[in-house]
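All chains are named by letter (A, B, ...) in the order of the sequence lines, taking the proteins before the strands, and each is independently numbered beginning at 1.
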Amino acid sequence: MIAVVQFGGSNCDRDAVRALDHLGLDARRVWHEDGLPADTDGILLPGGFSYGDYLRAGAMAARSPVMADVRARAEEGVPVLGVCNGAQIGCEARLTPGAFTTNRSARFQCEHVHLRVENANTPWTPTYEAGEIISLPIAHGEGRFEIAEEKLADLEAENRILFRYCDATGETTEAANPNGSTDNVAGVSGERDTTAVLMPHPERATLPYLSDGTDGHGILEGFAAGRGR
Amino acid sequence: MTAYTATVTVRLKRGVLDPEAETTQRALSRLGFEVGALRSADRYEIDLDADSNEAAAERAEEMAERLLANPTIHDYEVVVTDR
């Protein structure tokens with residue numbers, strides 16, 4: 001069962017459960033204070049505005065008791081995916097490197113973006129090909145990925161950059177970078193590739209009747225691909 | 001035990017873009033002020049009891065490390081005063 005961890009202020013938890021259901025994956029919303037059920041074999045940290053974005057987006061949720069449990073499961077290899085606010089929580093909890101902070105525009109941005117699949121050999125990207133261009137929606141005010149230069153080089157060397165913002169032809173231009181993220185990075189994996197975060201919303205591009213596309217389903221199918229790795 | 005106030009100032013590391021500060025700077029310019037660069041910071045004033053100034057500072061630094069600052073993007077400083 002995939003636990004979609006709901007904090008006060010999460011608002012993409014239902015969407016995530018519906019999208020996972022659609023893919024035939026057993027998923028349930030889990031209130032953070034209730035802890036992770038024993039049969040948890042995947043964890044999705046959903047989007048939203050947990051704790052009202054107090055202090056910094058994701059800072060409070062990252063330090064809530066359930067996250068110790070999330071970390072322990074992540075270290076055992078249980079697939080963990082952070083989306084949008086869940087990505088901010090993942091970085092604040094140091095499950096993944098770097099930090100997400102205020103968009104270059106200083107505005108909340110809600111739009112479709114192109115992403116280039118940088119590494120197709122992860123649990124989250126097996127349905128894509130390296131270099132493939134997909135389209136997903138973003139909806140965030142604090143999505144600018146920041147990381148020290150030497151750490152970025154490490155990520156690059158370890159193939160841990162999963163997605164980069166790009167234009168329709170796959171060029172990672174500054175114009176195609178919606179939030180000013182360092183090196184156009186949109187998603188990265190943790191020390192284990194079963195843990196990953198990204199700012200765009202795969203769960204909003206999975207249901208065929210909902211969106212302009214279903215390019216996001218492959219990422220969510222990572223919960224099946226990631227098991228037992 | 002002595003009563004102290006630890007003031008923790010958290011600011012973006014040099015070189016990290018601060019769009020909110022830039023927006024604020026532009027707004028000041030629009031109001032007719034002649035301003036150069038503008039930097040913003042968050043300040044937390046924490047009342048606490050400790051055996052010494054150093055002990056209070058050590059605790060406040062741990063608070064900054066673990067919650068108040070994000071070491072990826074922030075620097076912080078701690079100043080402890082008697083309360």
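The closest side-chain donor-acceptor pair between Tyr165(A) and Asn179(A) falls under 3.5 angstrom. Side-chain atoms of Asp18(B) and Ser40(B) include a donor-acceptor pair closer than 3.5 Å. Between the side chains of Glu174(A) and Asn177(A), no donor-acceptor pair is found at a separation under 3.5 Å. Between the side chains of Ser50(A) and Asn85(A), at least one donor N or O sits under 3.5 Å from an acceptor N or O.
Interface residue Leu17(B): backbone and side-chain heavy atoms are both found under 4.5 Å from chain A. Looking at Leu12(B), neither its backbone nor its side chain comes within 4.5 Å of chain A, counting heavy atoms on both sides. There is no contact between Arg107(A) and chain B, counting heavy-atom distances below 4.5 Å. Residue Thr102(A) touches chain B through both its backbone and its side chain, counting heavy-atom pairs closer than 4.5 Å. Only the side chain of Arg56(A) has a heavy atom closer than 4.5 Å to any heavy atom of chain B. At a 4.5 Å heavy-atom cutoff, the contact between Ala69(B) and chain A is made by backbone atoms alone.
The greatest number of non-hydrogen atom pairs below 4.5 Å with chain B, out of Gly98(A), Ala148(A), Pro97(A), is found for Gly98(A). Taking Thr23(B), Val16(B), Asp42(B), Val10(B) one by one and counting their heavy-atom pairs under 4.5 Å with chain A, the maximum is reached by Val16(B). With chain B as the partner, the residue from Met60(A), Glu146(A), Lys151(A) showing the most heavy-atom pairs under 4.5 Å is Glu146(A). Between chain B and the options Ser105(A), Gly180(A), Ala99(A), heavy-atom pairs under 4.5 Å are most frequent for Ala99(A).
Considering all non-hydrogen atoms of both residues, Ala38(A) and Arg73(A) come closest at O-NH1, 4.0 Å.
Among residues two or more places apart in sequence or in another chain, the ring-ring contact (aromatic ring centres under 6.0 Å, His included) test is passed with His74(B) by none. Judged as a ring-ring contact (aromatic ring centres under 6.0 Å, His included), and not counting sequence neighbours, the contacts of Phe7(A) are His32(A).
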